[in-house]
Amino acid sequence: MDLNTVKWIPWLPAFSAVVCCVLCMRPAWRRWAAPVTVVAILASFAIAMLAAPQAGNPDIRDDYRTGAYEQQVEGEDGIGQTVTAFRWIHFRDYRNFDSEQEARAYAEAHPGRGEAEPDPQTDDWRVLETTFRADFAYYIDPLTLLMLFVVCGIGALVAIYGAGYMSGEKGYARFFGAVSLFIFAMTTVVMADNLVLLYLGWEMVGLASYLLIGYYYHRPSAVAAAKKAFIVNRIGDLGFALGIFMTFWRYETVIIAEVLQMATSGEHVTDWRDYAIPFLLLMGALGKSAQIPLYMWLPDAMEGPTPVSALIHAATMVTSGVYMIARLTPVFELSPYALPTVATIGGITAAFAATIATCQYDIKRIYAFSTVSQLGYMFMGVGMGLRYAIFGGLFHLLTHAFFKALLFLTSGNVMHGLHGQLDIRKMSGLRKVMPYTCWLMFAGCLSLAAFPFTAAFFSKDAILAGVFERALGYHGTEPSNWFFFLGGLALATAFLTAYYCFRAWFRVFMGPTEYEMGTDHGHDEDAAHGGHEDAHGDDHGHGHGEAHEASWLMLSPLFILAAGALFAGFIGYGIVQELVWSSTAAITMPALVEDTSQLHLTLMVLSGIVAISGISTAAWFHWLRRDAASRIGEKAAPLVRLLHNKYYIDDLCWACIVMPLHSLGKLFFLIDRLVIDGLVALVGLVPRLMGRSVRPSQAGVLQGYGVAMLAGLAVVVAVVMMAVYLT
Amino acid sequence: MTGEMPSLVLSHFLLTGAVLFALGLIGFVTRRNLIIMFLCTELMFQGVVVTLVAFAFYHGNLEGQSFVIFVLTIAAAEAALALALVVLLFRRRRTLDAAAWADLRG
Amino acid sequence: MRPETLIPLMVLLPLLAAPAIFALPRRLSEVWAWALFISVLNFAVAVAVVVFAYLPAPGSEVSRLSEGGFFLTGAGWPWLEDFGLRISFGLDAISLWLVVLTALLMPITVLASRTAVTERYREYYMWLLLLEAAMIGTFIATDVIFFYVCFEFTLVPMFFLIGIFGSTQRLKAARVFFLYTFTGSLLMLAGLIYLAYFNAAQDLATAAQTLAELRNIDVSEAQAWLAGQEQAAALGHWTFDIQALTFTAQTLMSPAQQGWLLLALLAGFAVKVPLFPVHTWLPLAHTEAPTAGSVILAGVLLKLGTYGLIRFALPMCPEAVVTFAPYIGVLAVIAILYTALICWVQTDVKRLIAYSSVSHLGFCVLGLFAIDAERHIGQSGAVMYMINHGLSTGALFLCIGMIYERFHTRELAAMSGLGRVMPVWAFFFVLFCLASVGLPGLNGFIGEFLTLVGAFLATDTLGMGFAIAAGFGMILAAIYILYMVGKVIWGPTKVPESHDHNRDAAHAGEAHHGPAVRDLNRREIAVLSPLAALCIFIGLYPFPMLQSLDKPVMTLTRPAAEVVAERADARSEAEREQAARTFEAIERDATREGRR
Amino acid sequence: MAIGLPRKQESPLAIPPEASFRSACHVAAADRLRVTGCPVCKAAGRVLSSAPNGRRAGTDGGRLSRTTPRFPPLFARQGMGHVSSFSLFAATVLGAIALLMMMPRPGGVALRRIGAVLGAATLGGFWLWLARFLPDLGANATPFAYYYVFSAIAIIGGVRVITHTRPVYSPLWFVMVILASAGLLLVLAAEFIAFALVIIYGGAILVTYVFVIMLASQATEASDDSTAPAYDRIAREPLAATVVGFLLLAMLLHMATIERPSSLERLEDRPEARLRVVADSDSIIELTTLPRRAPARVLERLRPEDREHLAAEFEPASPVKPLAALLSELGDDDEADDGPDADDVATDLLEAWEEAGRTAAEYEDELPHTARRAVAETLLEAVEQRFSAYLDRPLEPAERARLAKAIADHRRVDNIERIGLDLFEGNPLGLELAGVILLVALIGAVLIARQRVTDETGAGG
């Protein structure tokens, strides 16, 4: 299968989105939405995997270890190949030459750019050439394949799960339409050949998340959450757009391959713009991957249905920021401060989110904050600028996709079973009721906590190794103890991660089995009940309606995910390492100089100990000694409340950003009506006033006119006398 | 003084005529009673008559005086008609105030 | 039939049809049918012109569109020959796409106002067709006074449309609308006539003289150059041809004169565009106008201003444009941010969208004045913006019109959660909202992105600061659009009560309880679907339009670009001299120390 | 070819650059004056116009040779010989203030009294100032006295006419003014006009006024004027009217009293031309007139037979009889009957008279004053020669005076005849028109009076 079929990968889901829209029309057709979407995604997945062998350059792979290779970013022997679907935005400008020969020479040198022609007004020659080119073109390189694997793979699994989870919903087709739109957008982001197309995918992903978060649109909180997500993303996208403008200004092109080529070519003179571009692009990444300044939308995004949270807000969309940084690492390398900033933000976010997650009571909120912190890990990995670190970051992206999707989907099962109940305080001991979900979630938690030999253990270890290599100054980087601090932070976060995920697990599944059913009826508020009759008693009394295990359609994908979460470490380590190190991310990475196997071993042991201790503390407090946990909870009540309210940051930003802007709007509206309209009315008033002031002179009284005549006569006589006398 | 023999000069009579005319004018403009206004016009005629005769005298011919005859006839005619009108106006609005008839105002 | 004759046909057809429609048919359906037929016919003619445009002119193998200037020009008819007035017309890529936009919007508005207007409908359709004739006339005019006449004539039908068929405060709105734009355009006329006078007052000798002074080259060289230019033939006698006047204004006018000319042109066009300080008439006019009126007003009439700017202001007074560009840029940015914030606090949907179109045209003006020495992305983006804004905002107004037809209220508070009740309408409404907010993949993005790129890269006139400020406008746009969509489409379903009782009056048998709200019928879908399709198509494949715009936009912005280049060179020379001087100073100190 | 733009803007008003506005106006004013002569007397103008530079051709010199008519500066000595315009203006201003105070206003009775006093003081002061030379005139002062008295009464009457609150009294004061002006006219020897004025004006018009006032104004108690209708008691914008009125008056007076280049002025300058008012009782003014001849124009149009009859009628009373009687009287104290008989004396006197009349005719186009004097002298000399011839001795001055008086008596035509002659000979058309106007007025008055008028105010009556 030749590489050109790759260009169909995004367009299959797009087509399925259109089909879903059509299916929305008739209630009868809704059932077909899920299969169409799943088929489309699987087809894309298949094309991606089949195209894998052609992608990338086989002969690069063997000397990736040494890093001592010189290669092209693009073209036959380059790292990736470009496949163009159709032309999108082109701009042509004249390039002037003094003499005809120069023009003709240039025209030959650049075929297809248009031929030399004389300038009618001046006497010099010019060639009409395309200066701005942004097409629907796709750049395929190993990194793209890795991301495609994640997006389409996890996407398909979640879609299958969603088919079961969303059955009976009134907006069934609408859900799958949005999901396929999302897959189209995500694949566009991942495969974009130029920054503008990347931006298109970027915003479409934001739109898809808006539609999916606001799926239960009759709930105002969902609508608000959707709006918040889209706007915060848009703020990030503004930074990203400015980054694109700056790159075009600096490199005269928006095509990633050309930018990377110029960035990595020797004679590139860095100026102030090179320092600014990474930071602007970083802003976009922060918005999309919910890092420190722009993370507040992710926890609220849990309002959407669980498959959405699993797919978009755990596995794929949030990782687009990491992908973008990985893709443009050579550009980030140009400014010395860019990558360290990325790492720092990642580290701080990881710790910050982990602390908040410890005190949340809603399962999905816990996993949302855990996603934010794991993304912090990935940022740290990508931000080190070392081979192991970037490999660790991207491998963690893959493993995280598996176990986080698993966790979300299992919590979906819990919610599905308990009719929307998610508060861990109101449920415990569900292992008997939902055995499969229990042990699947246990697998996910193990992986999240980075229990030795689970998938996350390897990826997190690679990141930690990268951090400490950088701290120790291996591979030609100068040692700096700032990275020691980050390493310590990472270990602390690892401990917290292990603690909060097992806290949830022990609370939900261990202990006495009593639980409170949730309030919402199945999945739809609508009075007219959907076709799906809730087989189990729908009275929502306290405790006596019993939870139920999810259907097989929902459980089958979970098993695959569980397998991935546990064994991806062994299988994927080599493959991902190969893919990452032969992609554009690793062009500028320093070659492996020192032997780090010793360091890796120690770190593995260390993180293993940390993980186990975290699990045991969680077990201690939330399984064996629950009362102890509550006692400590009262003593540290203010801290718990602070963490539970997410450091009050949401309210803070509402108070000092949203409210002032809103009142400013009111003020402007007032000004608009009073001041500017007032001025216009004033202009209209002047003639009327003049008219009114002259009117009394025509009072109609005879003598009035007499006096006026008299005065006129007197004046005339005076003037004549003056004239006669003064001459 | 130049020792010149002062004599009754035309200017004397012009002075009187002018004063009378001015008084009539002011009267016409200030008084609000219609009849008095017409009376003031008569006063103006009177001023004119004095001036006319003074000039007639100083020119040695009597055209001025004969013109006075005409002035008299006009005055008489005008008085007759004006007063008739005033009576009508009075009967219509029971007032002689000039301001009552200000309908043609702007 | 030669393509040139098609162009005046587009004006004459509605012009002649309007009185016929007013006089002949009796019933509403007849009148409406005829009006629809005429407008569709006009659209067909427009499409024919586009086809001709893409075909190569006889004798040259490249398509007509690819030449720079006016590619389809007709000789036109002499109007007042001894004053040099001719009804001459011509199309270039910019006016072609705007004419197609007008020709497209007209049948759609006629289709949409089938049930909106039930009494005095003959008058209504007459005014609509006259409006179409005037608008197309403005776009095809290549004679300044013919342009001005059509530019002014658009006011009359709009005045009556708002005045007769508007809602509560329609008279005030109509009056303010008419007087505001009219006074502005009078100043513009004064400027244009001054230019024509300036042109007539020149003759070759004096022209060479002034040119020599301006360009400080010797007179003989200026004479030779002038002789070479074929537009120089127009010097010395009264003519109102755009190209001749542009040539005179560019070459022979001093910066001060160009400044005054620009101010005059700006007075006329800034009011029409609604640039920031003079925009207060638009929300008033929009909220009071009938649906069709506000669609045309937002769709095309606002573009007259920006079209005028790019056709007249940019090429005619390059020096002044380059000097004034930052100030107008500031106004545009204020327009974007100021009105975006105002939109956020609006309670009336139509007023919200009216203010949003002021904000959007702020982007357009920003792009127009982003003069860059080598690139014309800003200006091309502005032209694309005009067309896209016409489609998306026009469609938005149609959606609101449909709501108004059903519920007779435009209050945001009165309605919510219509998505459940009217899903098809909701789909279209969300689509057009996203298009107007500039979501990539839809047409709004093309214009917005390119204007921002243009503003960012035009470091000499605008620069990074303007682009960043305008960027915030993008965020605010997202905020107020989602505020509106969130209120209208999502949330618990609440249908304005006023709807029920008059609906009952109409259908006695209707179940009186519960919102028996009809979703879009086939006609309404037929109204919206072409616009939706175009929005998506232009969003994904704008390539042919952008390609066609390249050359005409370059010819229009070239003078201004040259001025920017000159000033940049002058500045760099000044810097070089400055550097040389400091270098010498350092050397001198060094040698003095050396000697001591 | 399109319209070429006008190269240079030719301004229509081609004023020579150096001429300033004022000088242009001066040139125009001077021309106007030269052509029409003194705006005051048309006759003088005619004379001047004949002389290119204002000098009268062939006169006996005198101070005629004023080249360009120049008005003296504003405050120069005035033609009235002894009145400086400053005093004139001062008097006007004071008069205005006084009048303003005397205007009827609500409640300001005290103020109006003060105004009256001030007015009287100003008028008196001004008169005294004007008449400061009267005492040393002795006999000649009477006409002045008359003038001052009468004009004072007239002015006071005038003021009272406009300032009196009760409308009834205004016409009565007006009668006073009429009488005073009649006096003035008498001073000007226009007896007929004076008396006509008194009869027509005083008698007829003002009586109708009183009559109408009585008819029209509501009955108001005699004494207090507070109940008078508001429109009587309050003047309308007195200030503005008074100021403007007196401003106009000041200017008129100024123009009237300034030294004017008109010939009349020159006449007054020459002492001998100054009119000496002969203090004789019956005829104040020695009036010379042309021999009474039937108006030639009238005669021409008559039928031949009527012509003789009429001519005889108009034959001026021949002067022979009185002269003959005077001659005989002078002659009887010596040789009674030896003189020639009455008839041939009469014929001699008639020839002398007609011959002198003819010589006088040359002066027809002269100035009235010169004409009058020349005629009188020629007649006197002609008759004197006859008398001395008969009495063959020169006449003593007393006899000469009696002769002159006899001629004067003969030639004297009293005012009424003169006016009649002037009316019918001068402007018969005017007379006819006057008649018609009166007729029309009469009919109009009758018609208006008969009109039924509905009462708008709805009040009774």
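It should be emphasised that the depicted structure is a prediction, and the values quoted were computed from it without experimental measurement. Because only heavy atoms are used, hydrogens play no part in the values below, and waters and symmetry mates are left out as well, while side chains stay in. Here is how names work: the chains are called A, B, and so on, in the same order as the sequence lines, proteins then strands, and each is numbered from 1.
- Ring planes of A/Phe86 and C/Tyr541: perpendicular class, angle over 60° (limits at 30 and 60°).
- Ionic pairing of A/Asp93 and C/Arg375 is not present here: no N-O contact between side-chain nitrogen and carboxylate oxygen is shorter than 4.0 angstrom.
- Both the backbone and the side chain of C/Leu540 have a heavy atom closer than 4.5 Å to some heavy atom of chain A.
- Proximity to chain A is absent for every atom of C/Met545, based on heavy atoms less than 4.5 angstrom apart.
- Neither the backbone nor the side chain of A/Met25 comes within less than 4.5 Å of any heavy atom in chain C.
- Under a cut-off of 6.0 angstrom, the local environment of CZ in A/Phe279 is crowded, with over 12 non-hydrogen atoms contributed by other residues, nucleotides or ligands.
- Contact annotation: the side chain of A/Tyr94 approaches that of C/Lys551 to within less than 4.5 Å [non-hydrogen atoms, C-beta and beyond].
- Counting heavy atoms from C-beta outward, A/Cys24 and C/Pro423 have side chains that stay 4.5 Å or more apart.
- Side-chain atoms of C/His279 and A/Asp672 form a donor-acceptor pair, as typed in the model, at a separation below 3.5 Å.
- With chain A as partner, the option from C/Thr339, C/Leu434, C/Val278, C/Val453 having the largest number of non-hydrogen pairs under 4.5 angstrom is C/Val453.
- Among C/Val553, C/Leu450, C/Leu549, the single residue meeting the side-chain contact (heavy atoms from CB on, under 4.5 Å) criterion with A/Phe91 is C/Leu450.
- Looking at C/Ser416, neither its backbone nor its side chain comes within 4.5 Å of chain A, counting heavy atoms on both sides.
- With a 4.5 Å cut-off on non-hydrogen atoms, C/Leu442 does not touch chain A at all.
- Taking all atoms of both residues into account, the shortest heavy-atom contact from A/Ile231 to C/Leu482 is CG1-CD1, 4.0 Å.
- Between A/Val223 and C/Gly486, the closest heavy-atom pair is CG1-CA, 4.0 Å.
- Heavy-atom pairs under 4.5 Å with chain C peak, among A/Asp135, A/Val196, A/Thr188, at A/Val196.
- Taking CD of C/Gln346 as the reference point, atom NZ of A/Lys666 lies at 11.0 Å (rounded to 0.5 Å).
- In this structure, C/Tyr355 and A/Phe669 have perpendicular ring planes: the angle between them is above 60°, well past the 30° mark.
- At least one side-chain heavy atom of C/Arg420 sits under 4.5 Å from a side-chain heavy atom of A/Lys170.
- Residue contact with chain A, scored on non-hydrogen atoms closer than 4.5 Å, involves the side chain of C/Phe456 exclusively.
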Before giving the answer on side chain to side chain contact (heavy atoms under 4.5 Å, CB included), spell out for A/Phe668 and C/Leu337 the whole-Å C-alpha distance, their side-chain angles and the decisive distance to 0.1 Å.
CA-CA 10 Å; A/Phe668 279 157; C/Leu337 299 178; over 6 Å; no
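- If you measure heavy-atom distances from C/Trp281 to chain A, you find no contacts under 4.5 Å at all.
- Note that CD1 of C/Ile342 is 9.5 Å distant from CG of A/Leu667, once rounded to the nearest 0.5 Å.
- Using a 4.5 Å cut-off between heavy atoms, C/Phe472 touches chain A through backbone and side chain atoms alike.
- Neither the backbone nor the side chain of C/Arg175 comes within less than 4.5 Å of any heavy atom in chain A.
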Is there a side chain to side chain contact (heavy atoms under 4.5 Å, CB included) between C/Trp344 and A/Val658 once you walk through the steps?
CA-CA 11 Å; C/Trp344 192 15; A/Val658 176; 3.8 Å; yes
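- Heavy atoms closer than 4.5 Å to chain A are found in the backbone of C/Pro277, but not in its side chain.
- Without hydrogens or angle criteria, A/Trp88 side chain to C/Gly539 main chain gives a donor-acceptor distance under 3.5 Å.
- Note: A/Glu203 CD to C/Leu439 CG = 6.0 Å, rounded to the nearest 0.5 Å.
- In terms of heavy-atom proximity, A/Arg234 sits nearest to C/Ala478 at NH1-CB, 3.7 Å.
- The part of C/Ile446 that comes within reach of chain A is its side chain, from C-beta onward, which places non-hydrogen atoms under 4.5 angstrom from that chain.
- Contact of C/Met474 with chain A is made through backbone and side chain together, with heavy-atom distances under 4.5 Å.
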Begin with the C-alpha distance, continue with both residues' side-chain angles, and end with the deciding distance and a verdict on side chain to side chain contact (heavy atoms under 4.5 Å, CB included) for C/Phe427 and A/Arg174.
CA-CA 11 Å; C/Phe427 167 77; A/Arg174 179 160 59 87; over 6 Å; no
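- Within the model, atoms NE2 of A/His90 and CG of C/Leu546 stand 9.5 Å from one another, a figure rounded to the nearest 0.5 Å.
- Other residues, nucleotides and ligands place no more than 12 heavy atoms under 6.0 Å from the CZ atom of A/Arg87.
- In terms of non-hydrogen atom pairs under 4.5 Å with chain C, the most contact-rich of A/Leu670, A/Leu200, A/Thr131 is A/Leu200.
- Nearest heavy atom pair, residue C/Val345 against residue A/His662, reads CG1-O, 3.6 Å.
- Rounded to the nearest 0.5 Å, atoms CZ (C/Phe543) and CZ (A/Phe136) are 14.0 Å apart.
- Between A/Tyr199 and C/Phe445, the distance from one ring center to the other falls under 6.0 angstrom.
- Between C/Phe449 and A/Phe245, the distance separating the two ring centers is shorter than 6.0 angstrom.
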Using side chain to side chain contact (heavy atoms under 4.5 Å, CB included), reason through C/Ile481 and A/Phe230 one step at a time and then give a plain yes or no.
CA-CA 11 Å; C/Ile481 280 291; A/Phe230 189 82; over 6 Å; no
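- Heavy-atom distances place no part of C/Val424 under 4.5 Å from chain A, backbone and side chain included.
- One finds the CD1 atom of A/Ile671 at 13.5 Å from the OG1 atom of C/Thr280 (value rounded to the nearest 0.5 Å).
- Interface remark: C/Gln547 contributes backbone and side-chain atoms alike to the contact with chain A (heavy atom separation under 4.5 Å).
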